Each structure stands twice: as structure tokens, then as C-alpha cells.
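Here the structure is laid out as C-alpha cells; the discussion comes afterwards.
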Amino acid sequence: MAAFETLLSPVILFFVLGALAAAARSDLSVPEPLAKSLSLYLMAAIGLKGGVQVAEAGFTPQLLQVSAAGMALSFALPLLAFALLRGFAKLDRLNAGAVAAHYGSVSIVTFVTVSDALTRSNMAPAGFMVAVMALMETPAVITGLLLARGQGAVAGGSRTKLMREVLLNGSVVLLLGAFLIGLAIGKARFEPISPVFVTGFTGLLCLFLLDMGLIAMRRLRESRALSWRMAALGVILPLLNGAIGLAVAALLGLDPGTGAALAMLAASASYIAVPAAVRLALPDADPGIYLSMSLAVTFPFNILIGIPLLIQLAPLVLS
Amino acid sequence: MAAFETLLSPVILFFVLGALAAAARSDLSVPEPLAKSLSLYLMAAIGLKGGVQVAEAGFTPQLLQVSAAGMALSFALPLLAFALLRGFAKLDRLNAGAVAAHYGSVSIVTFVTVSDALTRSNMAPAGFMVAVMALMETPAVITGLLLARGQGAVAGGSRTKLMREVLLNGSVVLLLGAFLIGLAIGKARFEPISPVFVTGFTGLLCLFLLDMGLIAMRRLRESRALSWRMAALGVILPLLNGAIGLAVAALLGLDPGTGAALAMLAASASYIAVPAAVRLALPDADPGIYLSMSLAVTFPFNILIGIPLLIQLAPLVLS
Amino acid sequence: MAAFETLLSPVILFFVLGALAAAARSDLSVPEPLAKSLSLYLMAAIGLKGGVQVAEAGFTPQLLQVSAAGMALSFALPLLAFALLRGFAKLDRLNAGAVAAHYGSVSIVTFVTVSDALTRSNMAPAGFMVAVMALMETPAVITGLLLARGQGAVAGGSRTKLMREVLLNGSVVLLLGAFLIGLAIGKARFEPISPVFVTGFTGLLCLFLLDMGLIAMRRLRESRALSWRMAALGVILPLLNGAIGLAVAALLGLDPGTGAALAMLAASASYIAVPAAVRLALPDADPGIYLSMSLAVTFPFNILIGIPLLIQLAPLVLS
Amino acid sequence: MIQTFTRQRIDILVDAPLCEWLTEQAVAAGILHHSILPVESGHGRAGAWRDEGFGTVPKRMFLALTNEAKVGALLDRIAPDIERYGLVVAIQDVRVMRGERF
Amino acid sequence: MIQTFTRQRIDILVDAPLCEWLTEQAVAAGILHHSILPVESGHGRAGAWRDEGFGTVPKRMFLALTNEAKVGALLDRIAPDIERYGLVVAIQDVRVMRGERF
Amino acid sequence: MIQTFTRQRIDILVDAPLCEWLTEQAVAAGILHHSILPVESGHGRAGAWRDEGFGTVPKRMFLALTNEAKVGALLDRIAPDIERYGLVVAIQDVRVMRGERF
Ligand SMILES: Nc1ncnc2c1ncn2[C@@H]1O[C@H](COP(=O)(O)O)[C@@H](O)[C@H]1O
Ligand SMILES: Nc1ncnc2c1ncn2[C@@H]1O[C@H](COP(=O)(O)O)[C@@H](O)[C@H]1O
Ligand SMILES: Nc1ncnc2c1ncn2[C@@H]1O[C@H](COP(=O)(O)O)[C@@H](O)[C@H]1O
Ligand code: NA
Ligand code: NA
Ligand code: NA
């Protein structure tokens, strides 16, 4: 029932509309600057909301625990992915490492969508999860590079550039920056900007997911690089990683909403920030593989199946 | 009085501002991605609203009647336009067919503006008119092509491409898709997204019409291809087609708001979707003619004179 | 206290976030069409609000007085700037004239930010200040050109083009046009569009200032052309011009909010409209100098120090 | 110094709605790789235009590096339509690396 | 094979605010047709720039296919301003179709 | 007629994330000035792509006018990476004004 409810939300239906339009080869398209603008908006909005919530709720030791757990997951999950990509999908070391980096990292859009769905099911995740997400974005890149290349991975000159790309990545900076601003201003000073960042949120998310549906389906149609084994891993990895995330959440004693959000961060794969970093650090890896797996398989799977599933499971697993 | 009221609405005044700025050769301009984004937004918004209204009001046989009438109008109106374009404006067959296709189809922006004006005059059109509009967009293209070229009109290879362009045109897909989403979610689930799609609507429409004023006037200034006879038809055709639309509305016994919307659909001419399709199907036709007539003459005429006129007439004609 | 309050507003904090991100060489960036769209939006919004306020408050002789004073300031302030740029910063006549034009003109973003801050401190400036700002944009360009080149300044052919650029500049047209629309529609007809133009204002201003922080800091980093003497003038000129503006406000007996707005118009320097005009009229002048001074030094100074200072001072100086 | 090969560069200004048609012709002529660049505004027989989202048929710039034979094949295919589609075609010799790719 | 003609292609990098001036010069030199392409960023004597909407004077790329005489006429017209307007001009021979058009 | 000089024009299609790397190589080769043009879409070995903001690695067009020696120096620097970075390089002779600048 709750799962069905989630699928009938306008946010998801716009994603489906985009996917169907692309599948039917309609020329519907969202201008690229609008897509980028909406993603900036969504990051600023969730950063702010998270910060304001933490300003209200106060700092708790849980915040540090979950941050540590999130970063550990981001470092460690690529190992599992790498093993399966090598063993099951028969990818070479380079491409397996590149893909693994994406699965250790997170998808901001998936997080935003699950938060929205959880909030509507009265299981709003804790505000600090935004910061946890920002912290989980980049450790996976390091593991992925080491797996792909071994220690001497990146040449001296480009190492600083890569570290900058990874640590000062626009989305990390905006998410953490907006989180800190939310923390600093608190609820009262947030009032004047809440019409844009709260009231407008779900509606704009619809437009963004319309575009994501178009993009994901177009990539699926174009993806020659994808074998069925890779496609299968695009479904298996989020299930495995999500289960691990849920287990960690249970160990930490998180509430259902916060735990579900952590599980979805584990389950999701990056397709915005990490591809840019990996293109720089592992230019020989094939972008067709990592983009298609994370964006065209795992992302729709998480939106259409992962989120409803999680909304059913989380209250059961996390008391 | 009501007509004067309409002209004093901010939506119309922004259109006038844009037109005056362009006439004075100001360098004011709206970035192209913003124009495209606003048009996507407007289509999603009216689609959703229409769907939600139908979900509330339930399906009526009227919906089917009006849809059939709308499609018939779209198929038939190009015949009248073609005759006048050939006889009065002395256009060759090719260009006459191309222009006729535009006048049989509809202008989404004109529809949005008239709906806004009708709603403010307490004559909101029925929600299903959005779907009727979407259905009216493309039949006219088929009639126009047949008129321009006769049966063997389009070569085999490009016929499928043209059909795709015509049937799966982005605006048709988005309008109908959003309409279906509105239908599926109903009023309660529409709540969270209504701040963006309802509350923000009129304000964003102002910005869009500012741009349309700039574009229409710039096109008028650049339009060398336009003879005075063509310009005259740019005024005569909407009057004739609008009268026909109103008559059909009276026959169907529509309420004033719904009938006025149908009349304005008949009166308006496409300048977004149809030009792209016609450029593909009739590359020898001169875009300067059909764009100038529909965008630089008929569109401003409908906005500034057609809508106020209709708001006066509709309550009289349609009891 | 009030100053500190201002610095803790989300608007300012987003500016700081942008500046820090650029200083740390993050790749965070705002798509150019979004930046342009937001600036159009802000101009339409403040124009409308100003017009509606004047429609409420009625025309007063003060409106004419302040307009005359504003235009006089715009004509005259470049003289002071020119003297200091020549004498202290040792700029050649050409570049000194070019820079002087910028300091006589105004920064719309600074005005918007100070209005927002004043309104939150219960010192909302009078609605007509928007019109005053529009009138102050261009006289300075004329003075600047005369200073740079003397009477025979601009060749005949390009003079008309320059006059058009200066008088029908997009921002002047939009500001005054929206002001007139606000005046024409009044409060009641403004209602339906106020969610976009009033409720959404501060939130969207945050996104715009995020971008301005990025742009200002990037320009500072790139600005090779800037000597320390020029940089010093970038701080001294707003202080001097602001003091002059405040004195004029006191002479005119303005209320603290309106006076502070006038002072900030005097203190601010253009970096959008004037650079384009000056590039056309004084192509030999170095854009690196005038853009860096106005955008990378004076603008941040006004936002971070000028506004808080003014909010402290204005109530003291202007009874 | 690294070895270079002489190939050809073909630039075609084409109406956006006809872009797909053009790339199909290119593929049919054996030109599998191309890039499309945006064009902002222009001036032609039909007067000035500017891509403002509506109200014009905007142009794109099709660009391919390839060999003489394939350029010839493409020209042969599009020759009958150059005039009515208003294509503006420019061909130049260029030096490229990795000659076998083009 | 379809007939081609040798003409010239002139590319000029120009500041956006000077674009209108340049196209007027082109018209005066008999070059009635041109296209303008966007430029995203660059690096010159004045350092790096990126078109972010504000804070720089962005560049555009003026492009015209025309004949040698008209290119010469345009160069003569703009010669005195090339330096101070910072124009970057590149001229190449190209082969075109429909030679009478250029 | 105004004096022109023969120089070289080098166009390189490059992945957006590698743009900074490429301009550093250009600077190291003595090419201090360049411009970057946007590319909207394309078709290569990896299939079709379109810059929709996400889901592809978009391309840019690097463009520099410079002299033969510097082009050679740049090619030598990037030669080992041309294949794996998927660079598409095109070099042409052009005539320029102000020859000393390039
Ligand atoms: N010789 C040319 N050089 C550059 N662009 C051109 C040329 N001729 C036409 N164009 C472009 O093609 C568009 C259509 O040209 P036309 O078919 O003459 O109306 C123009 O607006 C220009 O953008
Ligand atoms: N040799 C060149 N090749 C390509 N673009 C150039 C060249 N020289 C200058 N530019 C462009 O013109 C801009 C201004 O150059 P400058 O006048 O040297 O500051 C640069 O930022 C580049 O975008
Ligand atoms: N010969 C070519 N001419 C023009 N663009 C090309 C060419 N080869 C590759 N490209 C561009 O580079 C992209 C990547 O090519 P590839 O490395 O073959 O996948 C393509 O999608 C095109 O945009
Ligand atoms: Na993950
Ligand atoms: Na019609
Ligand atoms: Na000033």
C-alpha cells in the first residue's frame, strides 16, 4: 500500500513520463541550463533544510556516529562492487575500479527523492543526513582509484588537481555550505527564504525528475557498452549495498527514516560528481560503462523499486 | 469594462512592455534557455491542473464531444485558410499550405493567457480543454501538407520521422502526460506541488509574455517577407476561425468559459511546434512567411484584441 | 548588533559561501543563463514592487526631488572619482574616465540587497527609489566619456548606437517598465503575481548572491591589472560617495530607509550595464581595471561592510 | 615530431530541425563521427535571426573530420537538397593525428 | 562529383558588445551573410575569462564564407581598429558549393 | 591591402573535464592564448551524446591561433595521451593580422 502510494506521487510519475517519452523517441527535452539550475537549487534547499533542522534539534553524538559510518561505507562498498564486477561481470581491473567508485559514492537525486517520500510517509530522516551524504560523496573515489591502478595510481602533477576535484567538488561545497548556513541562521531567519526552498521544493523536484527520466532512458537506449551481466549488477549492487546500509543503520539504532536514508545512500550510485572525477583520473576507463550502469540501470531501479521497497522494510527492520 | 480589465492585467502589460522595448530597439532580452524552461513549466502546469480538474469533475460525454470537435476543427480550418491565402494573399500552393497548417493548429501561450483571463473573469474553462488543445496541435499539419503537396506529399523515408515529430512532439507529450498525471494523482496528492504549478503560475506567465512581446515585435521588424495582404489575413483568419469556434461551441452547448477557450484555440495559430514540423516536411516553404504571420501578427492580435473581445462576447453568445 | 544581524542573513551568507568556494578554487558554478534569468527576475520584481508602492502612497513632490538629486549625483560623482583615479591611482585619462563612469552609476544587486536588509530592519525605502535607481544608471556614462575623451568624444556613427545602448539599456527599460506596470495595476491586481515577485524574492536573491560571490572572487583572483592603489580606491570611493549620498539625503530630509538607499546607490558601482557601454565607447580602456575595481573590490565591500555600516548610521544621521 | 595525415574538415550550417536528416546522410556516406556546435545568431537572405527559443528556425554547425572520399560521398548525397534546405557547406584540408580514424 | 568553388572563410573573435559594429563593417564591405557562434571561455593577455553572465566582456565568434575581394574590403575597414578592439582574425581558403552565393 | 602572416590554427575536441589539463599543456608549449567553444552534441565510437547537463561527458572545442613551432611543441606534449583521452585534433594554415602576436 505505502509502496503503491509512493509510485503514485507526482515526483515519480514525472520520472516515468520522462522515461516513456524518451523510450518513444519523443523530442521532449529539458534545456541543459535548467537541469543544472534545478540541481543547484535542490542541493541548496536540502543543505539549508538539514542545517536548520540540526540547529533546532541540537548536535547529538549520533551525528558523529552516522557520519563515521557513512564515510566507512563509502570507503568500503567499492570493494564488494569491485569483486563482483571482476568476478561476475568480467570487467577488466581498470573499468571495475571506475564503476566501483560510482557505487561507493551516492546519488543526490535519489537521496532527495527518498527524503521526500519518507517525509510524506511520516518518517522524515534526521537533518544531519544531508551532511552525511556530502561526506559520502568522495571517499569512494579514492578506493576506486586504488583498486583500478594500485598505489602509484595518479601521477604527481594531476594528483593535486584530482584532490581538488574530489574534495572541493561543487556539489560537496554547496551541500555542506548550505548546511552550515542553515545551521547558522536557524529557523527564524530561515522563514523569509523558506517559500523558495521548502514550499517550492516538491514541484521543482517534479520538473527535475522529468528530465532525469528522459536522460536515464536515452542513455539506456544509447548504451552499447552494457552487457547483460553488467545490467544485472546494476540491480544486484543497490540491493546488496542497501541491505548493508540497513544493517549498519540497525546496529547504530537509527530511527526508520534516518536509517532508510542511510540505506539508500549506500544503495545509490553517483552519476554526476564521480563521472567527472573518474574521467580525469582514469581516462582509459570507458564512460559508457559507468554512466550506463549508474544512471540508466541503478538510478531508475532505486527510484521505482528501491524506494517503495525501503519504505516498506525500514519500519520493520528499524523497530 | 471587462475588456479593459483584461488589458490592465500584469500578464498583458508585460507583453506590451516587451513589444515596446523591441520596437524601441532596446537590447533587453530573455535568455533562450529561460524561455524554453518557462514554456515547459507552463505546459506541465496547465496539463496538471486540467487533469486534476477532470479527476474532480469526473469524465463526461462532453469531453469526448469537444475532443472530436476540436480535432475536426484542426483538420478543417486549414482549408479555409488555404483558400484565402491562395485567393486573397496570392501565395503559391506550397507556402499557402505551410501557413494553413499553422492556423489550423493552436498556440499554447494564447490558450494559457485566455484561460488565465477567463478564470479571473469567473469563467474558468473546463479542465479537459488542455487535452483538447493537445489533440488539436497536430491534425492541421496533415491537412496543410496535403494541401501543399497533394497525396504523394512526403517521401517514404522521412514520413516516419515526420509522423514521430508530429505525434510525439515534445509539447503534445508533455501536455498529455501532465494531464494524465493530474488525473492519476487527484486533488489531494496535487497539494504538495501546487505552490509551484498553481501559485507561481501567473507571475511566471508574466515573465514569459515579456519575452513573447520581445520576440513577436523583433520578428515583425525583421519580416521582409510579409505583404500587407498577408498581414491582413493575420487579422482576418483569427476572427473567422474564432467565430467558427464560437459557433461550434454554441452547437455543443458549452458554458461560456469552455466555449471561449475552444474559440480561442480555433483562432490561434501555432508558432512553436508546427514551424519545426513544417521546416522538416516542406523545406522549400519560406519560414519568414509562416513565422511572421502567426507570431508577429496573429499572436499579438489575439492577446491584445482577441481575448478582450472574446471575454465580452462569450457570455452573450453562450448564454 | 543590527550590523551583525545583517551579516547573518542568508542572503549575505550565500554571498560569502560563493566567495569562499571560488577562493578555494572549487568548481562550483552557476550556469550563465540562470544568472541572467535571476537578474531579469530581480529587476522585474523590484520594479513592480516599487510601482505598486507608489500607486498606494501616491505621488509626492519628494519623488521629483530625489529623482533630480539622484541624477545630479550620477552626473557629478564621476568627477570626484576621476580626480582620485588620476591623482592617487595614477591612471591615465582614458582609464580614469572609464572607471569614473562605473562609480557614478549604480549596482542593481547592491540596491536590491540593501533594500532587503533595510526592510528586515523596519526601514523599508520608499517605492520610488527603484525609479531613482533606473534614472541614475546612465548619466554617469556621459560624464565618464567626456572626462576620458573630451567633447569630441564619440564619433558620429557610433554616437546614436551609444545613446541607444545607454538610454534603452535592457536594465533601465525593464526597471522603469516594471515600475510603470506596478503603478498601473496597483495593489489588488498585483495579488495574483505577488507569490512569484514578493514571496519568492529573498530565496532567489540567495541563489543570485551565491553566484555573485563566485564571480566577484574569481575576478579578484584573475585581476592582474589591479594595483594596490586602485584596490584602495575601490574601498575609498564607496565610502566617500556613500557619505555624499547620505549628506544629500539629510539635506532633502529623507527618512532613514529612503536615505540609506540613496546613499548606497551613490556608494555602489555598476558592473553589468556600464561595462558593456564603456567597452563600446572606450574600447581602448582596459576592462580588467574597471571590472575588477567595481566587481571584485567595491561590490563585496559594500555588501559585507557598507550595508551593515549604513544600517547603523542611517537612523542616526537621518533623525 | 609526431606524424600527421592530411584529411578533410567539412563544416555545414544547417537548420536545427534538419540536423537529424543531415547526420543520417553523413552516416550513409560513411561519416560515422561528427560534432554539432551551437550557433547563436546570423544574417542571411531571409534577414537576421537570433536563437531566442521561439520565433526562428535556429541553425547548428555540423562538423566532421574525415577523408576526401567520404566528403565526396556526402556531397553527392546532399547535392539535390543543398539549395532548398539552405545548407552552407565549407570544405578544407586539415592535418590530423591518428589518420586511420578518419 | 558535384562542383565546388574556392572561396574564403573568415573567423573573427570579437567582444560581444562590439559584435553589432563588426557586422555593420561586414555589410559595408559587401559581406551580407554571416553567423555568430558562442564562445564559452578563453585565455588572453588580460588573463582567463569565462562567460558567467557578469563580470567579463564575453567573446563571440563571427564567421563568414565569402570571396577574397570582400574579405579584403572588410580587412581594410577594420584594420585601424584591430589592435584596440582586440580582434583576433583568421582567414582560410575553403571549398564551397553554390559559388555564386559567396 | 593590409599585411597578413601565415600561422596555424589548431582545433581540439576535448572532454570537458580534461579541458583544464589541455590548456595547461598548451601553456607549457608556449601557447598562452586560446578560446573554448561549446559543443552541443556529437556521435563517436561510443555512440551519440548530447549535453543535457548529466549523464554524458560533454565535449568542448579548444581553439588556438599560433605558430608552427608551438603547435609542434603542443603535439609532442599531448601525443602520448591523444588516444586514451580521445582527443580529436585538426591543424590548418591560416592567415592572420598582427603576426607578432601568434
Ligand atoms: N556566407 C555565409 N557565411 C556564414 N553564415 C552564413 C552564410 N550564408 C548563410 N549563413 C547562415 O545561414 C543562415 C541562413 O542563410 P540564408 O539561407 O541565406 O537565409 C544565415 O542567417 C546565417 O546564419
Ligand atoms: N591566439 C588566440 N587563439 C585563440 N583565441 C585567442 C587568441 N588570442 C586571443 N584569443 C581570445 O581572445 C580573448 C582576448 O584576448 P586578449 O585580447 O589577448 O586579452 C582571449 O581570452 C581569447 O578568448
Ligand atoms: N571525426 C570526427 N569529426 C568530428 N567530431 C568527432 C570526430 N570524431 C569524434 N568526434 C567527436 O568526439 C566525440 C567522441 O568521439 P569518440 O572518442 O569516437 O567516442 C564524438 O561524439 C564527437 O562529438
Ligand atoms: Na552508494
Ligand atoms: Na487555430
Ligand atoms: Na554610484
Side-chain angles (χ1 to χ4, degrees), chain C residues 18 22 27 29-40 94 107-109 155 157-158 161-162 164-165 208 211-226 270-292 294-296 299, chain E residues 10-32 34-62 73-90:
Chain C
D27 67 353
S29 77
V30 171
E32 178 253 311
L34 176 60
K36 290 226 172 112
S37 304
L38 286 173
S39 92
L40 284 181
L94 183 75
S107 153
I108 299 174
V109 186
S158 42
K161 201 178 304 163
L162 183 66
R164 182 148 50 80
E165 172 89 7
F208 190 61
D211 188 34
M212 293 310 306
L214 287 164
I215 289 176
M217 183 58 90
R218 288 207 178 114
R219 170 132 293 266
L220 190 62
R221 276 216 339 253
E222 292 294 341
S223 53
R224 312 183 180 168
L226 213 62
S270 170
Y271 49 83
I272 299 182
V274 176
V278 164
R279 188 77 190 102
L280 198 65
L282 303 173
D284 305 287
D286 181 354
I289 298 178
Y290 49 76
L291 279 169
S292 299
S294 63
L295 176 59
F299 174 64
Chain E
I10 177 165
D11 288 89
I12 306 180
L13 281 164
V14 56
D15 283 8
L18 301 173
C19 229
E20 202 184 325
W21 168 83
L22 180 61
T23 62
E24 284 169 10
Q25 302 305 312
V27 168
I31 302 176
L32 304 179
H34 70 262
S35 297
I36 307 278
L37 275 68
V39 182
E40 198 175 84
S41 61
H43 208 286
R45 285 165 306 178
W49 66 273
R50 167 172 296 277
D51 189 358
E52 298 188 286
F54 307 107
T56 35
V57 181
K59 292 262 173 203
R60 298 282 177 274
M61 172 74 104
F62 171 96
L74 176 57
L75 291 187
D76 286 344
R77 291 192 72 89
I78 63 175
D81 296 314
I82 287 187
E83 186 63 43
R84 61 194 204 110
Y85 283 7
L87 304 178
V88 176
V89 183

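On a predicted model such as this, the values are computed, not experimentally measured, just so you know. When reading the values below, keep in mind they use all heavy atoms of this one structure, side chains included, and skip hydrogens, waters and symmetry mates. Every chain is numbered from 1 and lettered A, B, ... according to where its sequence line falls, protein lines coming before strand lines.
Interface remark: E/Glu83 contributes no atoms to any contact with chain C (heavy atom separation under 4.5 Å). Both the backbone and the side chain of C/Ile215 come within less than 4.5 Å of a heavy atom in chain E. Heavy atoms of C/Asp211 lying under 4.5 Å from chain E belong exclusively to its side chain. For C/Pro275, no part sits under 4.5 Å from any heavy atom of chain E, backbone or side chain. Interface residue C/Arg219: only side-chain heavy atoms are found under 4.5 Å from chain E.
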Run the side-chain donor-acceptor check on residues 45-56 of chain E: report pairs under 3.5 Å with partners two or more places apart or on a different chain.
| from | atom 1 | to | atom 2 | distance (Å) |
| --- | --- | --- | --- | --- |
| E/Asp51 | OD1 | E/Gly53 | N | 3.2 |
| E/Glu52 | OE2 | C/Arg218 | NH1 | 3.0 |
| E/Thr56 | OG1 | E/Arg50 | O | 3.3 |

Using residues 31-38 of chain C as the side-chain source, report each donor-acceptor pair under 3.5 Å to any protein atom, sequence neighbours left out, with the distance given to one decimal.
| from | atom 1 | to | atom 2 | distance (Å) |
| --- | --- | --- | --- | --- |
| C/Glu32 | OE2 | C/Lys36 | NZ | 3.1 |
| C/Ser37 | OG | C/Pro33 | O | 2.6 |

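Residues E/Pro17 and C/Ala276 approach most closely at CB-O, 3.8 Å, considering heavy atoms.
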